[in-house]
Amino acid sequence: MSDTFVTLVAWWLHGYAFAFGQNNSVIGAQFFLTLDNTNLVHFLFNYMRCSVATTLALGAANERMEPIGHLMSAYVFAGLVYPLACHWVWDEQGIFYSASTSYATQDYAGSGVIFLVGGAAAAVSLRVIGPRARRWSIHFRQRRHSPAILVLGGCLQLVGFLGLVLGSHPQLFNPDEGQMLGLCWLNLLLAASSGGLYCMVIHCIHFNYYDLDSLLYGAIAGMVSVCAGVDSYIPGVAVMAGTTGSLFYLAVRFLMAKIQMDDPLNIVSCYLAPGIWGLLHAGLLSENGALGGRSWMLGNNCLAVVVLVLWVVLIMYPLQSLFMCLGVFRVPRILEKQGIDRFRHRQRHPCVKRKFMK
């Protein structure tokens, strides 16, 4: 809730102006405070895109993050980091706009702008804040989660992705565009299905049991991977994007455990890695990419990946490192062990023993 509220304030004040205001190819300077005859439908849809990216960026470590550090980081990300990335790729004046004469890239529904940028910011947060207390100790006990709530969240994400793909098309209500919108939805659902099933089967082969988490995370990774070129893929290529995206998810999740980078929500492996692959896949196998005769599109998409990641790291790493030094980014270890809800939010967990609460 705090992410969505902070995002809206930042997006309304100046984020939308930086993203879609008319000025130059680097930053916009129009539509501050939704003035200058702002298209409010366009404003609200792109606010939701920004809110998704902000939730990814700050949600990876929020169980051990100070509320004030969380809010300030969310404001900077939603008001500066994401809007400029959005301006570069999705605004007509942007250097990476799909019709640009300089470095045209293909990112139809946000594999790069939303999921790569949000995932890169999450990776920075995890690097700065460090792992949970005793996370890599043999005595660490992972708390159980609810499979029912997990499935509900996966279903809500599926519906959200459908809206994300549908709203990305500028001619939504044109009767002639129905076939193309149907193709987008079919590609998205095929990528989700193939990614989820492929990931679950690979997990079962390796661990000898069927894992619900792998099914849902694989489906999400498949949808993230297909978003960049969902409007131009034939269905078979969408299936390829989904399966390879889930494979990248499994590989990066294994790598994160090896390097002991604590990511309890799998933001980096489920969003950042498939987001990068989504841009590369679109530049290689879409009709507007190398497969369609535009070999330079793959190089432009690779350049966009590098620029977007460097931009996120350049802003978020020094900022959050400063917050860490000032003591406003991570809660003290003693409070983390006893429960941040009790000390920062005055909430009592029903499972806590009465004598402990006294």
Please tell me if the side chains of His281 and Ser225 come closer than 4.5 Å, counting only heavy atoms from C-beta onward. no
Might you work through the side-chain contact (heavy atoms from CB on, under 4.5 Å) test for Trp12 and Phe31, ending with a clear yes or no? CA-CA 9 Å; Trp12 175 69; Phe31 307 125; over 6 Å; no
Transitively linked via ILVMFWY side-chain contacts under 4.5 Å: Leu265 with Met1? no
Non-hydrogen side-chain atoms of Arg64 and Ile129 separated by less than 4.5 Å: yes
Quick check: are there more than 12 heavy atoms from other residues, nucleotides or ligands sitting under 6.0 Å from CZ of Arg127? no
Nearest-0.5 Å distance, CE of residue Met65 to CZ of residue Arg330: 10.0 Å
Non-hydrogen atoms of Ala228 and Ser111 that approach each other most closely: N-OG, 2.9 Å
Quick check against the 3.5 Å criterion: does Trp88 have a side-chain atom that pairs as donor or acceptor with the backbone of Val26? yes
Could you check whether any side-chain heavy atom of Val89 comes within less than 4.5 Å of a side-chain heavy atom of Tyr97, counting everything from C-beta outward? no
Do any N or O atoms from the side chain of Ser246 and from the backbone of Gly196 form a donor-acceptor pair under 3.5 angstrom? no
Quick one: does Ser125's side chain have a donor or acceptor within less than 3.5 Å of a partner on Ala121's backbone? yes
Counting only N and O atoms by type, is there a donor-acceptor contact under 3.5 Å from the side chain of Arg294 to the main-chain atoms of Glu287? no
For Asn187 and Ala238, the nearest pair of non-hydrogen atoms, with its separation, is OD1-CB, 3.5 Å
Is the closest side-chain heavy-atom distance between Leu186 and Pro235 below 4.5 Å? yes
Aromatic ring proximity Tyr209/His203, centre distance under 6.0 Å: yes
Report whether Val239 and Ile202 are members of the same hydrophobic cluster (ILVMFWY, side-chain heavy atoms less than 4.5 Å apart, transitive linking). no
Leu183 vs Asp231, test: side-chain contact (heavy atoms from CB on, under 4.5 Å). Steps then yes/no. CA-CA 7 Å; Leu183 176 65; Asp231 63 324; over 6 Å; no
Closest heavy-atom pair, Pro318 versus Val313, reported as atoms and distance to 0.1 Å, is CD-O, 3.4 Å
Nearest heavy-atom pair of Pro274 and Ala221: which atoms, and what distance? CB-O, 3.5 Å
Are more than 12 heavy atoms from other residues, nucleotides or ligands located less than 6.0 Å from atom CZ of Phe45? yes
Distance (rounded to the nearest 0.5 Å) between Ile68 CD1 and Phe323 CZ: 8.0 Å
Using the rule side-chain contact (heavy atoms from CB on, under 4.5 Å), only one of Leu303, Leu308, Asp91 pairs with Phe96; which is it? Leu303
Tell me whether Met48 shares a hydrophobic cluster with Leu58, the cluster being built from Ile, Leu, Val, Met, Phe, Trp, Tyr side chains joined at under 4.5 Å. yes
Taking a hydrophobic cluster as the set of Ile, Leu, Val, Met, Phe, Trp and Tyr residues connected by side-chain heavy atoms closer than 4.5 Å, whether directly or through intermediates, do Leu280 and Trp311 fall within one such cluster? yes
Can you measure from CG (Asn266) to CG (Asp213) and round to the nearest 0.5 angstrom? 8.0 Å
Determine the minimum heavy-atom distance between Ala78 and Thr54, stating which atoms define it. CB-OG1, 3.7 Å
Among Leu272, Leu279, Ile267, Val52, side-chain contact (heavy atoms from CB on, under 4.5 Å) partner for Phe115: Val52
Verify, without hydrogens or angle tests, whether Asp3 (side chain) and Gly59 (backbone) share a donor-acceptor contact under 3.5 angstrom. no
Non-hydrogen side-chain atoms of Leu126 and Asp262 separated by less than 4.5 Å: no
Nearest 0.5 Å please: distance from the CZ atom of Phe161 over to the SG atom of Cys184. 14.0 Å
Is a side-chain N or O of Thr244 found less than 3.5 angstrom from the main chain of Ala241, in a donor-acceptor match? yes
Is a side-chain N or O of Asp107 found less than 3.5 angstrom from the main chain of Gly112, in a donor-acceptor match? yes
Is the Lys NZ or Arg CZ of Arg49 less than 6.0 Å from the centre of Trp11's six-membered ring, within 45° of the axis? no
Would you check, one step at a time, whether the test side-chain hydrogen bond (donor to acceptor under 3.5 Å, both in side chains) holds for Ser100 with Gln93? CA-CA 8 Å; Ser100 173; Gln93 291 186 325; over 6 Å; no
Does any N or O in the side chain of Tyr47 come within less than 3.5 Å of the main-chain N or O of Thr4, such that one atom is a donor and the other an acceptor? yes
Run the numbers on Tyr103 and Val307 for side-chain contact (heavy atoms from CB on, under 4.5 Å), then give the verdict. CA-CA 12 Å; Tyr103 301 102; Val307 171; over 6 Å; no
For Glu92, does the CD atom sit with more than 12 other heavy atoms under 6.0 Å from it, leaving out its own atoms? no
Indicate if Tyr233 and Met180 have the same hydrophobic cluster label, given that clusters are the connected sets of ILVMFWY residues with side-chain heavy-atom separations under 4.5 angstrom. yes
Here the gap from Ser194 atom OG to Leu189 atom CG, rounded to the nearest 0.5 Å, amounts to 10.5 Å
Take the angle between the ring planes of His14 and Tyr75 and call it parallel below 30°, perpendicular above 60°, tilted in between. perpendicular
Say you draw a straight line from OG of Ser51 to OH of Tyr82; how long is it, rounded to the nearest 0.5 Å? 10.0 Å
Test applied, side-chain contact (heavy atoms from CB on, under 4.5 Å); reference residue, Gln106; option that passes from Asn300, Asn288, Leu298: Asn288
Note: Asp211 and Met200 closest approach over all heavy atoms is O-CG, 4.0 Å
Going by heavy atoms in the side chains, are Leu33 and Thr38 under 4.5 Å from each other? no
Is there a side-chain contact between Val226 and Leu188, using heavy atoms and a 4.5 Å cut-off? yes
For Gln30 and Phe20, indicate whether the former's side chain and the latter's backbone hold a donor-acceptor pair under 3.5 Å. no
Taking Thr243 for the side chain and Met240 for the main chain, is one N or O donor matched with an acceptor at less than 3.5 Å? yes
Could you check whether atom NE2 of His42 has more than 12 heavy atoms from other residues, nucleotides or ligands sitting under 6.0 Å from it? yes
Quick one: do Arg253 and Cys199 satisfy side-chain contact (heavy atoms from CB on, under 4.5 Å)? Show the steps, please. CA-CA 12 Å; Arg253 187 180 68 173; Cys199 189; 6.0 Å; no
Beyond-backbone contact of Ser269 with Tyr217, side-chain heavy atoms, under 4.5 angstrom: no
